[in-house]
Amino acid sequence: MRDRLRTILHNGQVIDGCGKAYDGYVAIEGSQIVATGQGEIRSDLATPGTRLVDLAGRTVLPGLIDCHVHLSMDALAAPVPLRSPEDHLVGVIRASGNALRTLHGGVTTVRDCGTPGHIDFALRRAANDGLCITPRLLLSGCALCMTGGHGWQLLGREVDGPDEARRAAREQIKAGADNVKLIATGGILTQGTEIGSAQLTVAEMQAAVHEAHSAGKISAAHAHGAQGIKNAARAGVDSIEHAYFIDAEGIDLMLEHGTVLVATSAAVRNVVHHGTHAGIPSHIFDKAQSAIEAHISGFKAAHRAGVKLAMGTDSGVPFTKHGSNLDELDYLVQMGLSPMEAIQVATRDSARLLKLDDKIGTIERDKLADLVVVDGDPLADIALLREPERIRKVILNGRMVVDRDASRFLVSTAFGEDAREIQTVA
């Protein structure tokens, strides 16, 4: 699908990411969407040589977007730091496999929120060189944390004071970062840190955010505790990740500053669900268990108040597996969103956070052709997106990168000549 021949997906439901759903078609040329419409294909589109893909009543979505993953992490019960050059080399290989699993799960764009040793930048280079297939990558490099702060041993660049934060942000941007990741509070995975304790100061985060925005990049803050959430909002970050202990003042500050909430509900739920009997260290389990009820109530309050949302999973942390990213949409619906709202959060709204909404996130003419075909109607049952076999096709930049229907679906020219099977890519 990378040539300029026109391909039309038809006879299916289109959920466009803008809040509309209709039975119709999507036409692609090269990497772009060139037309959409309801009902039968327009006659002027089905010119000789056009390839028709009959969806047989399935649903087409915009490519889903996960704004918080860790591709170098393998969802182990007890994450292990990567320290040696050999560890980092293995980390790149691991990340490439996790990226492919993510594509197979229906996610076409990810923001990686922290890796050590330039693993994420090496992965992007490998993908650009054609050595592996990945979703569209927005990268952070190392997360900026205080000395001994959350994440220091797994993915951190320790800083103390605004000048060090500024320098570290510049280092990540120089290396290729699209996003500057900041650690505003303690965390669940780091032993010896309190989940709710404030860590980087407002001044430290402001310095890093200024560098990110001056370079045309975005910024995100890990923040669980109420004070750290407020500090991050005041510092001007684009998104706050987790926000498990958000309070009313924090909600008001996020509304005031237009800060986006990336809830990562899957991460805390998976730790609590699997527990210590699955090998999760007790210090991780205890902190997650202390947070889950506050997370759900705080998220509901933020949503009711109108805080902007984007989709993120924290994939790579214990038992939050790459490729199961769309579990998060089910959790969003369980916490009060409609299925349509959850899909919009994971498409259009996430694209807005990443400053990519002029290119991706909706099925509209002139947008890039990032599309996912699923078996069934996620508006009737959002949980079907949790079933990997339901993700039938994934198209990235107009290229079919996953096709689980290669032996079943036929592609034909517009007038029926030369019917042939789609060739398997994945």
Side-chain angles (χ1 to χ4, degrees), residues 65-73 109-124 136-147 149-152 154-187 190 198-224 228-243 253-254 257-262 264 308 310 312 314 316 350-356:
I65 301 168
D66 192 332
C67 297
H68 193 130
V69 303
H70 297 282
L71 292 173
S72 66
M73 297 174 65
T109 299
V110 298
R111 178 176 63 170
D112 191 296
C113 279
T115 62
H118 289 192
I119 288 172
D120 51 351
F121 304 133
L123 175 66
R124 178 160 60 194
R136 182 176 294 101
L137 299 172
L138 281 81
L139 306 177
S140 305
C142 293
L144 277 56
C145 64
M146 73 178 198
T147 296
H150 172 64
W152 72 268
L154 287 175
L155 45 79
R157 161 65 161 92
E158 293 171 301
V159 301
D160 294 295
D163 288 342
E164 285 191 16
R166 183 177 297 110
R167 178 181 180 86
R170 290 173 176 173
E171 288 173 354
Q172 306 315 305
I173 294 166
K174 177 183 177 182
D178 309 289
N179 174 74
V180 173
K181 174 72 177 297
L182 304 165
I183 304 297
T185 72
T190 305
Q199 295 199 344
L200 289 180
T201 66
V202 174
E204 288 168 330
M205 288 189 283
Q206 280 178 330
V209 169
H210 176 77
E211 294 303 321
H213 290 169
S214 295
K217 313 300 182 182
I218 58 175
S219 60
H222 158 106
H224 287 305
I229 292 166
K230 297 167 198 175
N231 291 348
R234 291 185 175 111
V237 299
D238 296 282
S239 67
I240 291 176
E241 317 297 299
H242 321 304
L253 281 168
M254 291 186 73
H257 292 275
T259 317
V260 178
L261 171 58
V262 180
T264 66
K308 296 178 183 178
D314 218 355
S350 291
R352 286 175 175 171
L353 167 62
L354 302 182
K355 312 300 184 190
L356 292 175

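Starting from 1, each residue takes its place in the sequence as its number. All values reported here derive from a predicted model rather than from experimental measurement.
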Does one side chain, of D120 or T115, offer a donor that lies under 3.5 Å from an acceptor on the other? yes
NE2-SG distance between H150 and C145, expressed to the nearest 0.5 angstrom: 9.0 Å
Does atom CZ (R167) have a neighbourhood of more than 12 heavy atoms from anything else shown, all under 6.0 Å? no
Has Q206 got a side-chain atom pairing as donor or acceptor with G236's backbone, closer than 3.5 angstrom? no
Working to the nearest 0.5 angstrom, can you tell me the gap between L182 CG and H222 NE2? 11.0 Å
What closest approach, in Å, do E204 and A165 show between heavy atoms, and which atom pair accounts for it? O-CB, 3.4 Å
Interatomic spacing from SG in C67 to CG in L261 - rounded to 0.5 Å: 11.5 Å
Going from CD on Q199 to CE on M205, what distance comes out if it is rounded to the nearest 0.5 angstrom? 10.0 Å
The single option from I65, L356, D112 passing side chain to side chain contact (heavy atoms under 4.5 Å, CB included) against L138: L356
Using a cut-off of 6.0 Å, state whether more than 12 heavy atoms not belonging to K308 lie near its atom NZ. no
Should we count NE2 of H210 as having more than 12 external heavy atoms under 6.0 Å? no
Nearest 0.5 angstrom please: L200 CG to M146 CE, how far? 8.0 Å
Between the SG atom in C142 and the CD atom in Q172, the distance rounded to the nearest 0.5 Å is 5.0 Å
Taking only residues two or more places apart in sequence or in another chain, which ones pass salt bridge (charged side-chain N to carboxylate O under 4.0 Å, His left out) with R124? D178
